[in-house]
Structure formats: structure tokens, C-alpha cells
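Following: one structure in C-alpha cells, then a few remarks.
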Amino acid sequence: MSRRQNRAAARRDVRMDEELHERVRDVIASIPPGKVSTYGDIAAAAGAPSPRLVGRILAEDGQDVPWHRVLRANGTPAPHLVHRQLELLRTEGVLAEGQRVDLRRYRWQAQ
DNA sequence: TAAGTGACCTATA
DNA sequence: CTATAGGCCACTT
């Protein structure tokens with residue numbers, strides 16, 4: 001077993017999996033309508049080890065949370081969701097220029 | 001053990 | 001704007 005896999009296994013064994021999963025969904029659920037956040041911000045706020053985990057969690061269990069309010073760091077949605085996501089955001093008053101949302105204006109942060 | 005694959009990020013050219 | 005490059009973590013082959 002590699003060093004990396006060792007660290008990962010150790011972290012998982014500390015019941016991190018479910019708690020993290022839950023924290024990530026809580027953070028996403030706390031994003032108010034009309035605002036958006038990024039995978040990186042969510043990861044930081046929820047204490048996730050990396051933004052990839054956030055995307056992974058949403059992929060497997062994103063139906064109960066406002067997943068459409070989560071964008072990539074450059075303000076664009078994940079490629080396979082673009083149209084659906086931007087349309088949902090539009091109904092909340094979040095407008096996009098092309099495929100990009102202006103994060104300076106719509107980004108939400110805990111502060 | 002190694003390599004591939006994501007709802008990712010930052011830096012650089 | 002696009003394209004690489006390197007880093008990241010969990011999971012699958």
C-alpha cells in the first residue's frame with residue numbers, strides 16, 4: 001500500500017466519510033437563493049480535503065441540495081450540466097454572460 | 001502495485 | 001481566449 005493510500009485509509013477510518021458528506025451538503029444548503037459558491041469554497045468551509053471530493057459527493061448524492069448554486073472557480077458550471085444549471089440559476093436572478101457567472105457579484109461567502 | 005478517470009484548482013505561456 | 005503542467009483525492013481496472 002502506498003503512502004497516499006495509507007493517509008486516505010486512515011482518514012476514512014475516522015468516520016470522516018459520513019460526517020464530511022453531511023457537512024458538505026449542509027454548507028451547500030446554506031447558500032441563499034440568488035447567490036452561488038465554488039467547489040473550492042465549499043471544500044474549505046466543510047473541511048473537505050480537496051474540491052474534487054465536493055464534486056464527487058454531489059455526483060452521487062446531489063438531489064436534496066441546491067447543487068445548481070455550485071460553480072467552478074472561474075464561474076462556469078461543470079461541462080455536462082451547463083445548460084440545465086444556468087437555466088436554474090436564471091430563475092433565481094443569477095444571470096450568466098455566455099457560460100460564465102460573475103462571481104464578484106453573485107459569490108456568497110460565510111464571512 | 002500501477003494506471004485511468006472525474007460535477008476541481010492554480011500558475012504559466 | 002486556449003493549452004499545458006502539476007497538484008489534489010477517492011475509486012475502479
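Convention: sequence-line order gives letters A, B, ...; per-chain numbering from 1.
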So which atom in A:Leu20 and which in A:Ala46 form the shortest heavy-atom distance, rounded to 0.1 Å?
CD1-O, 3.9 Å
Using every non-hydrogen atom in the two residues, find where A:Ala29 and A:Pro66 come nearest and quote the distance to one decimal.
CA-CD, 4.0 Å
Once you round it to whole Å, what is the distance between [atom2] of [N] and [atom1] of [X]?
{"X": "A:Arg56", "N": "B:dG6", "atom1": "CZ", "atom2": "P", "answer": "12 Å"}
{"X": "A:His21", "N": "C:dC9", "atom1": "NE2", "atom2": "C1'", "answer": "16 Å"}
{"X": "A:Arg72", "N": "B:dT10", "atom1": "CZ", "atom2": "P", "answer": "12 Å"}
{"X": "A:Leu103", "N": "B:dT10", "atom1": "CG", "atom2": "P", "answer": "11 Å"}
{"X": "A:Asp17", "N": "C:dC9", "atom1": "CG", "atom2": "C1'", "answer": "12 Å"}
{"X": "A:Leu53", "N": "B:dG6", "atom1": "CG", "atom2": "P", "answer": "16 Å"}

What distance separates A:Ile42 CD1 from A:Ile28 CD1, expressed to the nearest 0.5 Å?
5.0 Å
Identify whether the distance between the nearest side-chain nitrogen and carboxylate oxygen of A:Arg107 and A:Asp102 falls below 4.0 Å.
no
Between A:Arg69 (side chain only) and A:Ile31 (backbone N and O only), is there a donor and an acceptor less than 3.5 Å apart?
yes
Mark yes or no for whether A:Gln85, through its side chain, and A:His68, through its backbone, hold a donor-acceptor pair below 3.5 Å.
yes
Give the residues of residues 74-89 of chain A touching DNA chain B, defined as any heavy atom closer than 4.0 Å, sorted by residue number.
A:Ala78, A:His80, A:Leu81
Would you jot down, in residue-number order, the residues of residues 35-44 of chain A having a non-hydrogen atom under 4.0 Å from DNA chain B?
A:Tyr39, A:Gly40
Hey, quick one: are A:Leu71 and A:Val65 part of the same hydrophobic cluster, counting side-chain heavy atoms closer than 4.5 Å, chains of contacts allowed?
no
Is A:Tyr106 reachable from A:Leu103 through a run of I, L, V, M, F, W or Y residues, each pair having side-chain heavy atoms under 4.5 Å apart?
yes
Applying a 4.0 Å non-hydrogen cut-off, can you work out what A:Ala59 is touching in the nucleic acid: base, sugar-phosphate, or nothing?
base
From C:dC9, B:dA7, B:dC9, nucleotide with atom closest to A:Trp67 side chain
B:dA7
Neighbour count above 12 (heavy atom, 6.0 Å) for A:Glu60 CD
yes
P atom, C:dG6 versus B:dA7: distance in rounded Å?
23 Å
